[in-house]
Number of protein chains: 2
Amino acid sequence: MARGQGVTIRDVARRAGVSITAVSHALNGKGTLSEETRARVKAVADELGYQADAFARGMRQGSIGAIGLVLRSLDALGDYTPVGVDVFERFAGIVSARALAKGLSITLVPDLTRSPVPPLAFSMDGYIIMSPHEEDPVAALLERRGIPYVAYGNIPGRPDFIHWASEDDPYAAHQLLTHFQMAGAREVVLVSGTDTNAWNKDFQAEYRRWCSEQGTTPRIYEQSERSGVDGGREAGERILADGVPEAVLCMTGRHAAGVQQALQAAGVSVPGQTLIAAASDSEHARSSRPAITAFELNPAGCADQLLEMLQDLLATGNAQGPRLTKARLRPRASTRRD
Amino acid sequence: MARGQGVTIRDVARRAGVSITAVSHALNGKGTLSEETRARVKAVADELGYQADAFARGMRQGSIGAIGLVLRSLDALGDYTPVGVDVFERFAGIVSARALAKGLSITLVPDLTRSPVPPLAFSMDGYIIMSPHEEDPVAALLERRGIPYVAYGNIPGRPDFIHWASEDDPYAAHQLLTHFQMAGAREVVLVSGTDTNAWNKDFQAEYRRWCSEQGTTPRIYEQSERSGVDGGREAGERILADGVPEAVLCMTGRHAAGVQQALQAAGVSVPGQTLIAAASDSEHARSSRPAITAFELNPAGCADQLLEMLQDLLATGNAQGPRLTKARLRPRASTRRD
DNA sequence: ATGATTGCATAAAACGTTTTACGACTCTAA
DNA sequence: TTAGAGTCGTAAAACGTTTTATGCAATCAT
């Protein structure tokens, strides 16, 4: 049997010579037991290696101390397709580690809307959903079921939904563009992703705003997040076909690496003729030659914020949001003009 | 409340005008109900959006349809440290997607041996543990609790433990070395990782065997898996200090990329003077110039094998093992001599 | 001496299922 | 008629907790 080693609350009670109520109270710090009895019961429980059965407890209490994580890129992962951004790949691990520190389990749920739904799915205390997009069906389903959830990134088209956290995208975009400006570039090309999430939308919006402020014409090249370095090269070739740019801002480190390779292959020097930067750091940005300036996102910080917000939501029924964390710009050789 | 929308088996029974037993039997295909009654009950259940409470069911049946995954690199991920091999990062996602297809949830458990243990941890039906090492404490704990588990990679020093799956490492090592040989290299340098897992051990063993067969002296450079491309460069410099090699075999794609950069920086041409290959593919191997020959591991295949083995173990108490999947060599420009 | 208060412990109900055992019919065969 | 065999359905126990309500002493105030 997977469940327990057979040692139940009854075993502890018998061994300690008390009722099962006493054991429950002693172990949970409730009721009106004498300190002496409490101590004795705890000792016996330890000795027997007793652990309260999670299901029995969950059934009685209505909550289980476990939360679900809907990881968006999992669909793509089904057949091991690489995805674009460092953050996606590590987020499960990060959330999990942080959740543990708060005494919560986390369960990965690939897609809540496709059946068969995993047995535990609707018994989670709450959910974190990653990068929700417009009309997100998972968010809708959770709402219908009355299961609390928070999101990594806002839900586009749902300004009323406040329980989300993310990096401060407009701030990051602004800082990156200003960084280009400082380095001497006035016209910037944007290589954007294709997902309709807040990340892409916010950056594009800030980029357009900045362009109109500068009086320059926006040049946006869309490229699927999933296409990786090869997609970056392709985008780079498209850009070159329209003229050598002063600066290129890519949403992912992989795209940036690819664009850089395409430019260099065409004899364009980086950072001599063209500056390059990425809106999300990844090992590709770090290990390219020259190394590519990038924004280092803060998934650990966001994970903390999300968990905290979810815990508030579970405990009190509401929570403050949204919560923004500040990412940090990592200037590297790709934007350094000596 | 997170738990359900309040609709229980009793509600369904009342609405359908039958007993709760009838509902349970109808929905689980048991008992001796007429087809007509079954259909009616199912219709009502659908209409009400009834979902059996996972805890109540788990409590009664003793199993829950959920398995735990102990992901080894999670400790390192706590503060977002990059790790060496593609496979590690994606394995959670892959297992999760595959598990879903089999109707199982998967719960990430960072470290079973460190308290507080997540509430659900000991209620899982079984576990998959990743890359166990010698004297693995997690394996020991699960054994003590009588919880079935399978491992991705064998447990070094435990030949009696058979419930594991992995790529066929010795075969991969042999094929890679033969590939070098075909391309004209007789002396091969090995850049090994530092973890004491089966992966490193098996490769080293096969490498040594091959060297003695060829009558050449093994040259092994150890480099931590966590050091990434920078570590690869460092290893490359160490190698060069000992002389320009005919061929370099790296355990990770990142190391290979770094070694290649170090060689190129020193004016050594790849593949002209030195061949390079990696024992595990990663985007770094794919996107380096020249692209680096690598072994494409098969984590999806292993995940399937592991889940199947675990299901056998849960159902019958034993399972056949170990199970080896064949990885595929991806020849690329870094070993191509025209 | 009596009634009220306090301190400690417990009995029993409840959570929502699944399962076992049994009951009430209807039909067939003698 | 009645025994035996099927057919369809249900009552009740059980899973392992937590919680509510209650009980029993001993102590206290009158």
Side-chain angles (χ1 to χ4, degrees), chain A residues 1-42 44-45 48-66 119-123 125 145, chain B residues 1-42 44-45 48-66 119-120 122-125 145:
Chain A
M1 284 305 113
R3 304 261 313 289
Q5 335 68 123
V7 35
T8 83
I9 198 173
R10 242 167 278 273
D11 299 322
V12 179
R14 193 162 24 235
R15 179 80 162 250
V18 293
S19 70
I20 59 168
T21 307
V23 176
S24 177
H25 282 166
L27 263 34
N28 298 312
K30 304 203 168 163
T32 58
L33 295 180
S34 67
E35 275 316 313
E36 187 213 332
T37 308
R38 262 181 225 287
R40 183 159 44 91
V41 169
K42 280 183 190 165
V44 172
L48 264 46
Y50 168 73
Q51 284 262 141
D53 180 273
F55 300 139
R57 167 176 280 173
M59 182 160 131
R60 190 55 239 240
Q61 298 191 314
S63 84
I64 184 62
L120 244 48
F122 291 125
S123 301
D125 293 350
R145 292 253 169 197
Chain B
M1 282 311 110
R3 304 261 314 289
Q5 337 69 122
V7 35
T8 82
I9 198 172
R10 240 166 280 272
D11 298 321
V12 179
R14 193 164 21 236
R15 178 80 161 251
V18 295
S19 70
I20 59 168
T21 306
V23 176
S24 177
H25 282 167
L27 264 32
N28 299 312
K30 305 204 167 165
T32 59
L33 296 180
S34 68
E35 277 313 314
E36 187 212 332
T37 308
R38 262 180 225 286
R40 185 158 45 90
V41 169
K42 280 182 189 164
V44 171
L48 264 48
Y50 169 74
Q51 284 262 144
D53 181 273
F55 300 140
R57 165 176 281 175
M59 183 162 134
R60 188 55 239 240
Q61 299 191 313
S63 84
I64 184 59
L120 243 48
F122 292 125
S123 301
M124 296 288 132
D125 294 350
R145 292 252 168 198

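Reminder, nothing fancy here: chain letters follow the sequence lines and each chain counts from 1.
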Here the distance between atom P of C/dT17 and atom CZ of A/Arg57, to the nearest Å, is 21 Å
Contact list (N/O, under 3.5 angstrom) for nucleotides 12-14 of chain C vs protein:
residue : atom : partner : partner atom : Å
C/dA12  : N6   : A/Thr21 : OG1          : 3.3
C/dA14  : N3   : A/Arg60 : NH1          : 2.9

OP1 or OP2 of D/dT17 sitting under 4.0 Å from any side-chain N/O of A/Ser24?
no
Output all residues satisfying side-chain hydrogen bond (donor to acceptor under 3.5 Å, both in side chains) with A/Ser34, sequence neighbours left out; order by chain, then residue number.
A/Thr37
Against the side chain of A/His25, the closest entry in C/dT18, D/dT17, C/dT10 is C/dT10
Among D/dT18, C/dT17, D/dG16, the one nearest A/Ala56 by side-chain distance
D/dG16
So for atom CZ, which belongs to B/Arg15, do other residues, nucleotides or ligands contribute more than 12 heavy atoms lying within a distance under 6.0 Å?
no
Applying side-chain contact (heavy atoms from CB on, under 4.5 Å), can you list everything that pairs with B/Ala22, at least two apart in sequence or on another chain?
B/Val18, B/Ser19, B/Leu33
Shortest side-chain distance from B/Ser19, nucleotide among C/dT17, D/dA11, C/dT10
D/dA11
Output side-chain donor-acceptor pairs under 3.5 Å for residues 25-32 of chain A, partner residues at least two apart or in another chain, one line each.
residue : atom : partner : partner atom : Å
A/Asn28 : OD1  : A/Arg57 : NH2          : 3.4
A/Asn28 : ND2  : A/Ser24 : O            : 3.0
A/Asn28 : ND2  : A/Ser24 : OG           : 3.4

Phosphate-side-chain proximity, A/Lys30 and D/dT19, N/O vs OP1/OP2 below 4.0 Å
yes
Report for the helix from C/dA1-D/dT30 to C/dA30-D/dT1: angle between first-end and last-end helix axes, five pairs each, rounded to 10 degrees.
70°
Per the under-4.0 Å heavy-atom filter, residues of residues 31-38 of chain A near DNA chain C come out as A/Thr32, A/Leu33, A/Ser34, A/Thr37
Could you work out which one of D/dT17, C/dT17, D/dC15 sits closest to the side chain of A/Arg10?
D/dT17
d(B/Phe122 CZ, A/Asp53 CG) to nearest 0.5 Å is 12.5 Å
Euclidean distance, atom CG of residue A/Asp53 to atom P of C/dC15 [Å, nearest integer]:
18 Å
